[in-house]
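Taking it in order: structure first as structure tokens, then the write-up.
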Amino acid sequence: MTRIQNTFETLKSENRKGLVTFIMGGDPDFETSVEILKSLPHAGADLIEIGMPFSDPVADGPVIQNAAIRALENGMTLKKTIEMVRLFREDNTSTPIVLMGYSNPIHAYGEKQFFEDIADAGADGVIIVDTPPEESADLVAHAKDNHIDLVRLATPTTDLDRIGIITNNASGFLYYVSITGITGTASANTEQVSAHIEQLRTKTDLPIAIGFGIKTPQDAKTMGALGDAVVVGSALVNTIKEAPKSEVVETLHKQIVALSNALG
Amino acid sequence: MMKNTKTQHSAGENYNAPDENGHFGPYGGRYVAETLMPLILSVEESWKDAKNDPKFWDEFHALAKDYIGRPSPLYFAEETTKDLGGAKVYFKRDELNHTGAHKINHCIGQVLLAKRMGKKRIIAETGAGQHGVATATVCALFKMPCTVFMGAEDIERQKPNVFRMKLLGAEIVPVTSGSGTLKDAMNEALRHWVAHVDDTFYIIGTVAGPHPYPEMIRDFQSVIGTETKQQLMEKEGRLPDTLVACIGGGSNAMGLFHPFVQDTDVKIIGVEAGGHGVHTNQHAASITGGSSGVLHGMKSYYLQNEDGQIQEAHSISAGLDYPGIGPEHAWLNDIGRADYVSVTDDEALEGFKYLARMEGIIPALEPSHAFAHVMKIAPTLPKDHIIVMNLCGRGDKDIFTVAEKLGVEI
């Protein structure tokens, strides 16, 4: 059983919804980012997404765009993001890590090499937001070869025909984008999300994590009731930007504890 | 990763790119967020339907004739030919189009498709403002609300075009993310589109973006090459020997080149913006100075560092100031069907000044790049060699930039 499967099994047996925390790799700098990363499971993160910074993140709102710029300006690279995973695994072997980002840095790194290196470092899954299933034949093969889950996104625009295309070759979990928009902007319409997720459940057995626009413990509770996990990104990234460096881990810890508690 | 598929694809008579998924060899495709996929697929469906509908093309050609002013003349530049002392030089005069450049060709085509799809509003990105003006123009004509994303930096540099767009009724959204230039405007337009998929059509400004845009925009712009072929046949009774066009994203070039791709005796040359030189890090030459990558919905050549971060382009010409290139150019380069060269800011400026004095034509800085290359090759070619260059825009918009460069206050 993979770490991701194991995590969702545990959540189910404990009758709890999972908390997925997103941070940008190398934000605000490499050392602080590693310290933050290592602290997340203690605060209550069940699964961790690390953003791979990219200069032109077209699916992200200003908060995550700026996090990527901060990281890149401080010398972050894809190689260093993979190194973060390796450092995390030194003292955590149970919390799954999913790397999330855009196609171009992976293309520049070399796709095959990327999957080999992240598997070796201890990552569990990958989300490439600008590469739909139609462009993924090579990625699917590399992911399978290295036992990495290729996590897919479903959105409010996903109809029942398309869900089959999306979940074919998907594994780990399904990431449900709860709004038609970019990260950290609008809040979702609960009734629509609920109805749509019920529809999607008829077509896939994958656990569903709901993300985009989830900021507060109340949002987490509301959306948690509809899926198997919720993803909180921009709200945490914003804390990393705003909190004084000496207090960032502690401030983030409190925020994540509150989010985790809201999920039961 | 980039396999050389030269042997699998004919560069000549059998050229038939893209394939059904919008791939030109390894380039092109649809690299967009999942939220956009259903919309992109429906644009593709509608485009397939429209391109096989003679009524769609009747409407396009009627507007091309009476609104744009097509066909644009094919002009034998006798003075230039004599002065350069070699090949015969012809200009395809797309600078005489309504709005002053070739951009209007693909804007008419795309707005007709938007209308056919029942979309209610239009968005576009613009760098220099030429595509923004052309989009605002067709939106005024078709009574569609129009929002143009433009880098905050470019808004400062291109005030006359900003005012034109406003006169035409468009809303201008300043883009401050990233570096505040064309690539960021395109990022922001894509972000906006993701949040407005139901009622909005995105009129893209070059042969770039996710499939079907590169193919669709090429097919609208191909009116340039198709006319050229016919006009040169009337004047010279034969095909040209060499085609020359400037390339930012590559829409005017693709429009001239495409109808000749299967005529393998015709040499095709694309001229990229070399800025301060492709050996510096200040240029916009994605093929001659970049490498393969993925951005703005497509796989193509981009300016980027070794970590795959996109780098800023630089060119004296705002219209060429883009760190990528249309995927079909990437493919024509790889299969050896077209040659891509670069011309520096200074060389383009010389071309600009030369054309004004020699022909009484003030060209845009974009085709001044193409002309600078013509100035290099024409003297080396025999007198019966025919060059056709796409004079794709006029220079009114550039007089401020040129004056500043020449140290003149106006």
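Letters A, B, ... are given to chains in the order of the sequence lines, protein chains preceding strands, and every chain is numbered from 1.
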_A/Tyr176 vs A/Thr158, test: side-chain contact (heavy atoms from CB on, under 4.5 Å). Steps then yes/no._
CA-CA 10 Å; A/Tyr176 185 76; A/Thr158 304; over 6 Å; no
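- Between A/Phe88 and A/Ile50 there is no side-chain heavy-atom pair separated by less than 4.5 Å.
- B/Ser300 contributes no side-chain N or O that, together with a main-chain N or O of B/Tyr27, makes up a donor-acceptor pair within less than 3.5 Å.
- Heavy atoms closer than 4.5 Å to chain B are found nowhere in A/Asp161, neither backbone nor side chain.
- If you measure heavy-atom distances from A/Ile128 to chain B, you find no contacts under 4.5 Å at all.
- In this structure, the portion of B/Leu41 lying under 4.5 Å from any heavy atom of chain A is its side chain and not its backbone.
- When A/Thr77, A/Ile106, A/Leu153 are compared by the number of non-hydrogen pairs under 4.5 Å with chain B, A/Thr77 comes out ahead.
- Contacts between A/Met52 and chain B at a heavy-atom distance below 4.5 Å are absent for every atom of the residue.
- Using a 4.5 Å cut-off between heavy atoms, A/Pro57 contacts chain B through both its backbone and its side chain.
- Between B/Arg191 and B/Glu125 there is no salt bridge, since none of the side-chain N atoms of the basic residue sits less than 4.0 Å from a carboxylate O of the acidic one.
- Of the atoms belonging to B/Asp184, it is side-chain heavy atoms, and not backbone ones, that fall under 4.5 Å from chain A.
- In this structure, B/Asp334 contributes its side chain and B/Trp331 its backbone to no donor-acceptor pair below 3.5 Å.
- Only the side chain of B/Gln304 comes within contact range of chain A, with at least one heavy atom under 4.5 Å from a heavy atom of that chain.
- In terms of non-hydrogen atom pairs under 4.5 Å with chain B, the most contact-rich of A/Ile166, A/Ile69, A/Asp159 is A/Ile166.
- For a residue to count as touching a neighbouring chain, one of its non-hydrogen atoms must lie under 4.5 Å from one of that chain's; by this rule B/Val197 touches chain A with the side chain only.
- Between the side chain of B/His296 and the backbone N or O of B/Lys183, at least one donor-acceptor pair lies under 3.5 Å.
- Heavy atoms of B/Ile310 lying under 4.5 Å from chain A belong to its backbone as well as its side chain.
- Not counting sequence neighbours, B/Thr176 has no partner by the side-chain hydrogen bond (donor to acceptor under 3.5 Å, both in side chains) test.
- Interface remark: of the candidates B/Gln311, B/Met186, B/His23, B/His23 forms the most heavy-atom pairs closer than 4.5 Å to chain A.
- Residues B/Ser46 and B/Arg116 have side chains that never bring a donor and an acceptor to within less than 3.5 angstrom of each other.
- Between A/Asp27 and A/Lys241 no salt bridge is recorded (no basic side-chain N to carboxylate O distance below 4.0 Å).
- Neither the backbone nor the side chain of B/His196 comes within less than 4.5 Å of any heavy atom of chain A.
- Note on A/Val177, A/Thr155, A/Asn104: by heavy-atom pairs under 4.5 Å with chain B, the leading option is A/Asn104.
- Electrostatic pairing of B/Glu215 and B/Lys51 counts as a salt bridge here, judged by a charged N lying under 4.0 Å from a carboxylate O.
- Both the backbone and the side chain of A/Phe54 come within contact range of chain B, with heavy atoms under 4.5 Å apart.
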